[in-house]
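First the proteins, then the strands, lettered A, B, ... as listed; each starts at 1. Everything quoted here is computed from the prediction, not taken from an experiment. Just so you know, these numbers use all the heavy atoms, side chains as well, and skip hydrogens, waters and symmetry mates.
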Amino acid sequence: MSRKDLAEALGVNPQTVGYLERGDYAPSVELALKIANVFGAPVEMVFSLKPFASLAQIIGNKGEA
Amino acid sequence: MYVRSRRRPMGAAMSPMLARSLFAALYVLYPLGCILQLGPDTSDDLQLLSVIGLLMVAASFLAFAVLAGSSFQRQAQEPDAKLDERELAQRNRAAYRAFAVLAGIVALALLYMDLRMDFADRIPLWAPTDQAHWNALFWGAIILGLTLPAAFLAWEKEPPLED
């Protein structure tokens with residue numbers, strides 16, 4: 001899904017999606033819930049107070065286990 | 001003031017660097033141009049300075065015209081309903097800063113006029129005397145009031161790149 005598609009689904013400016021991706025803007029509860037709804041996932045899977053581990057870290061951890 | 005075009009309802013995309021340069025040009029060229037054009041007594045040998053001043057004012061208005069259709073000016077001037085929550089948050093921050101700067105300028109101008117009255121007999125400080133002076137100050141205040149929030153937006157963090 002492109003940034004523009006997600007922005008259209010959320011009714012926001014595509015730049016806002018970019019700010020969210022970059023972690024430069026913390027969304028309101030309403031926008032966070034809308035984003036989670038678009039992805040069909042619980043909101044805590046999309047947003048967290050702690051930074052998510054990168055894909056490389058997750059794959060690395062699986063390899064070690 | 002935001003000039004919306006049908007082709008670009010979200011405002012003309014403009015890099016922050018270009019917008020910052022145009023705002024800086026606007027805020028430097030207009031007052032300098034006015035000083036050169038109206039400041040010195042325009043005797044014959046100062047005609048050139050007057051023409052240069054007029055050209056600087058014209059260049060500043062050109063910068064203003066380009067900025068009037070920019071996405072920064074759109075974000076600063078659009079009704080709330082046409083902006084999303086991130087744009088509104090940025091706009092509110094920029095408007096607060098612009099208000100603080102404008103209030104500071106007004107306070108300094110009042111202080112200057114007060115000091116001028118106090119020291120009128122010892123130091124001849126400048127004050128607007130004729131209609132041309134007041135005209136220059138009026139349009140300067142209008143330009144500053146209309147563009148300062150957008151200028152603060154241009155100095156926000158770089159927007160993310162498009163897809």
Side-chain angles (χ1 to χ4, degrees), chain A, chain B residues 2-23 66-97 147 149-163:
Chain A
M1 181 181 260
S2 73
R3 193 179 283 166
K4 198 177 167 198
D5 294 337
L6 179 57
E8 271 175 26
L10 298 169
V12 298
N13 188 322
Q15 278 192 347
T16 300
V17 177
Y19 275 95
L20 289 165
E21 286 172 353
R22 225 167 48 178
D24 286 338
Y25 175 66
S28 66
V29 174
E30 186 187 353
L31 183 57
L33 288 169
K34 278 184 187 172
I35 293 168
N37 192 41
V38 167
F39 292 114
V43 73
E44 59 270 25
M45 274 188 76
V46 188
F47 294 101
S48 166
L49 290 173
K50 288 184 212 158
F52 290 113
S54 70
L55 198 59
Q57 276 177 317
I58 295 168
I59 292 169
N61 289 344
K62 275 187 181 171
E64 284 168 16
Chain B
Y2 166 56
V3 180
R4 184 185 290 103
S5 81
R6 282 191 183 169
R7 276 192 310 136
R8 287 181 291 227
M10 299 296 277
M14 186 181 285
S15 76
M17 275 309 292
L18 176 61
R20 289 170 195 169
S21 306
L22 288 170
F23 280 118
V66 173
L67 287 166
S70 70
S71 56
F72 296 102
Q73 202 63 20
R74 181 195 78 86
Q75 192 178 345
Q77 303 287 335
E78 282 275 55
D80 286 4
K82 292 198 171 183
L83 299 176
D84 68 33
E85 61 175 54
R86 188 265 314 166
E87 290 174 308
L88 277 174
Q90 282 185 333
R91 200 246 299 267
N92 289 344
R93 205 162 45 233
Y96 172 76
R97 288 171 182 162
T147 60
F152 276 109
L153 287 172
W155 262 273
E156 283 265 349
K157 206 172 268 185
E158 296 272 333
L161 297 170
E162 297 295 322
D163 279 328

Out of curiosity, A/Asp24 CG to B/Gln90 CD, how far, rounded to the nearest 0.5 Å?
9.5 Å
Give me the contact list for residues 25-56 of chain A versus chain B, heavy atoms only, anything under 4.5 Å, ordered by residue number.
A/Tyr25, A/Pro27, A/Ser28, A/Leu31
Hey, is CE on B/Met17 packed in by over 12 heavy atoms from elsewhere, all under 6.0 Å?
no
Quick check: under 4.5 Å, non-hydrogen atoms only, which of residues 79-87 of chain B neighbour chain A?
B/Asp84, B/Glu85, B/Arg86, B/Glu87
